[in-house]
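Inspection log for the structure reproduced underneath, given as structure tokens.
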Amino acid sequence: EKILKISLLRANQNSNVQNIQMDFTGGKANSGQNNTNLNAFNNAKVYEGDYLQISFKKPEISDKLWVNACLKHANSMNCEYTFGNLFIWSEAYKTEICKYKDFLIVRWHDGEGLTYSVPLGEGDFTDAVEKIVDDARANNTTPKIYGVTEGYLGMLQEAFFAKFEYDFDDSFNDYIYSVEKMASLSGKKYHSKRNHITFFKKTYPDWQFEPLTKDNIDECIALHAKWIENKDSDNEDYSFEFEAVLRAFEYFDELDFVG
């Protein structure tokens, strides 16, 4: 899919909404004339007139259920919008998640500031985007939203006309493969892949196919470690990838991974 990153030119100002400083002292959120019990906030039930600053946290395995519930409504095939990816790559990309009403909002620290996902879930999309803007302002950074596919582009243009600038970044494109073509590898386009398979079979005549289970995960980790030894030891990307692999294997069953 084509992936867009957008940044805010100027925030949408709503005359009915005031910026209110939040105070969670004593288990209460002070919102001017309204006090909202923190339990309501934790249950993502925030009502009109109660203005709460959204709160982010590192993804934990216990977040899987509610995150997946939100992702069912995602209008995108972006590979980032799966709980497994968010969880295992959280250290590498400094990933944080927020539950706002019935939305999942993801935040990444990219070294130049903060980048956000589109609000993923169901409900008032415009309200959720405004919360992203508020959070970016509170952190003194320009609001940037990553992973804006065509469906979300239309929603943003309708709700925030002339408020955003949109940049296409080809480096964020995902690969989408045809199962049929990858299974058959027919035609000139896949000639090199067929050669790789032929070479592999000749070099390793005792090869075998096994489903991934806890019984052979240690072998996979050892193979990955050996593979890294032959790579550039100064490239931190390999270290981040290895950490993600280890995390994936550690929570293999909990994440419902197969391989």
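Keep in mind that the numbers below use all heavy atoms, side chains included, and drop hydrogens, waters and symmetry copies. Every value quoted in this text rests on a predicted model; they were computed, and no experiment measured them.
- Under the 4.5 Å side-chain contact rule for hydrophobic residues, Trp227 and Phe200 do not share a cluster.
- Taking 4.5 Å as the limit, some side-chain heavy atom of Trp89 sits within range of a side-chain heavy atom of Glu241.
- With hydrogens and angles disregarded, a donor-acceptor distance shorter than 3.5 Å links the side chain of Lys64 to the backbone of Glu254.
- Between Phe242 and His224, the ring-plane angle classifies as tilted under the 30° and 60° cut-offs.
- For Asn139 (side chain) and Thr141 (main-chain N/O), no donor-acceptor pair under 3.5 Å exists by modelled atom type.
- A donor-acceptor pair under 3.5 Å links the side-chain atoms of Arg247 to the main chain of Phe87, judged by distance alone.
- Under the 4.5 Å side-chain heavy-atom criterion for Ile, Leu, Val, Met, Phe, Trp and Tyr, Tyr175 and Tyr190 are members of the same hydrophobic cluster.
- Side-chain contact check for Trp66 and Asp63: at least one donor-acceptor pair (N or O, by modelled atom type) lies under 3.5 Å.
- We find the CE-CZ distance between Met155 and Phe160 to be 10.0 Å, quoted to the nearest 0.5 Å.
- In this structure, the side chain of Asn78 does not engage the main chain of Gly147 through any donor-acceptor pair within 3.5 Å.
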For Asp127 and Tyr100, run side chain to side chain donor-acceptor pair (under 3.5 Å): C-alpha distance rounded to whole Å, both residues' side-chain angles, the deciding distance at 0.1 Å, then the answer. CA-CA 10 Å; Asp127 170 54; Tyr100 176 65; 2.6 Å; yes

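- Heavy atoms of other residues, nucleotides or ligands lying less than 6.0 angstrom from NZ of Lys57 number more than 12.
- Atom NE2 of residue His191 and atom NE2 of residue His196 lie 10.0 Å apart, to the nearest 0.5 angstrom.
- Inter-residue side-chain proximity for Phe103 and Ile132 is flagged as unmet; no heavy-atom pair is nearer than 4.5 Å.
- Here the closest heavy-atom approach between residue Tyr238 and residue Ile228 is recorded as O-CD1, 3.8 Å.
- In plain terms, the two heavy atoms of Ser76 and Tyr152 that are nearest each other are CB-CE1, 4.0 Å.
- In terms of heavy atoms, Ser117 sits closest to Leu104 at OG-O, 4.3 Å.
- With hydrogens and angles ignored, the 3.5 Å screen pairs no side-chain donor or acceptor of Arg107 with any backbone N or O of Ala136.
- Here the CD1 atom belonging to Ile221 is positioned 10.5 Å from the CG atom belonging to Asn216, to the nearest 0.5 angstrom.
- Side-chain contact between Ile61 and Leu255: present, with at least one pair of heavy atoms (C-beta onward) separated by less than 4.5 Å.
- Looking only at atom types and distance, the side chain of Tyr116 has a donor-acceptor partner in the side chain of Asp135 under 3.5 Å away.
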Mind running side chain to side chain contact (heavy atoms under 4.5 Å, CB included) on Phe249 and Ile88 for me, showing each step along the way? CA-CA 9 Å; Phe249 283 143; Ile88 68 173; over 6 Å; no

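- No donor-acceptor pair under 3.5 Å is formed between the side chain of Asp102 and the backbone N or O of Gly123.
- Between the side chain of Asn75 and the backbone N or O of Thr149, no donor-acceptor pair lies under 3.5 Å.
- To the nearest 0.5 angstrom, Thr126 atom OG1 is 8.0 Å from Glu158 atom CD.
- Residues Phe199 and Tyr204 are members of separate hydrophobic clusters, defined by side-chain heavy-atom contacts under 4.5 angstrom among Ile, Leu, Val, Met, Phe, Trp and Tyr.
- Distance check, rounded to the nearest 0.5 Å: CD1 of Ile97 to CD1 of Ile105 gives 11.5 Å.
- For CD of Glu180, the number of neighbouring non-hydrogen atoms (other residues, nucleotides, ligands) closer than 6.0 Å is 12 at most.
- Between the NZ atom of Lys188 and the CZ atom of Arg194 there is a distance of 11.0 Å, given to the nearest 0.5 Å.
- Taking each heavy atom of Tyr81 and Val118 in turn, the nearest pair found is OH-N, 3.6 Å.
- Two residues are said to be in side-chain contact when any heavy atoms from C-beta on lie closer than 4.5 Å; Phe252 and Thr213 fail this criterion.
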For a salt bridge (Lys or Arg N to Asp or Glu O under 4.0 Å) check, start with the C-alpha distance between Lys58 and Glu91, then their side-chain angles and the critical distance, and finish with the verdict. CA-CA 9 Å; Lys58 286 185 177 181; Glu91 292 296 328; 3.5 Å; yes

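- Taking 4.5 Å as the limit, every side-chain heavy atom of Tyr93 sits out of range of all side-chain heavy atoms of Leu86.
- At least one side-chain heavy atom of Cys220 sits under 4.5 Å from a side-chain heavy atom of Leu212.
- Proximity of Met77 to Asp174: side-chain heavy atoms (C-beta onward) are nowhere separated by under 4.5 Å.
- Between Thr95 and Phe56 the shortest side-chain heavy-atom distance does not fall below 4.5 Å.
- Between Phe125 and Pro119 the shortest heavy-atom distance is CE1-CD, 3.5 Å.
- Hydrophobic clustering of Ile, Leu, Val, Met, Phe, Trp and Tyr side chains at less than 4.5 Å, counting indirect connections, unites Ile197 with Tyr177.
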Stepwise side chain to side chain contact (heavy atoms under 4.5 Å, CB included) test for Val106 and Glu80: CA-CA 10 Å; Val106 185; Glu80 297 290 348; over 6 Å; no

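- The 12-atom threshold is exceeded at NE2 of His109, counting heavy atoms of other residues, nucleotides or ligands nearer than 6.0 Å.
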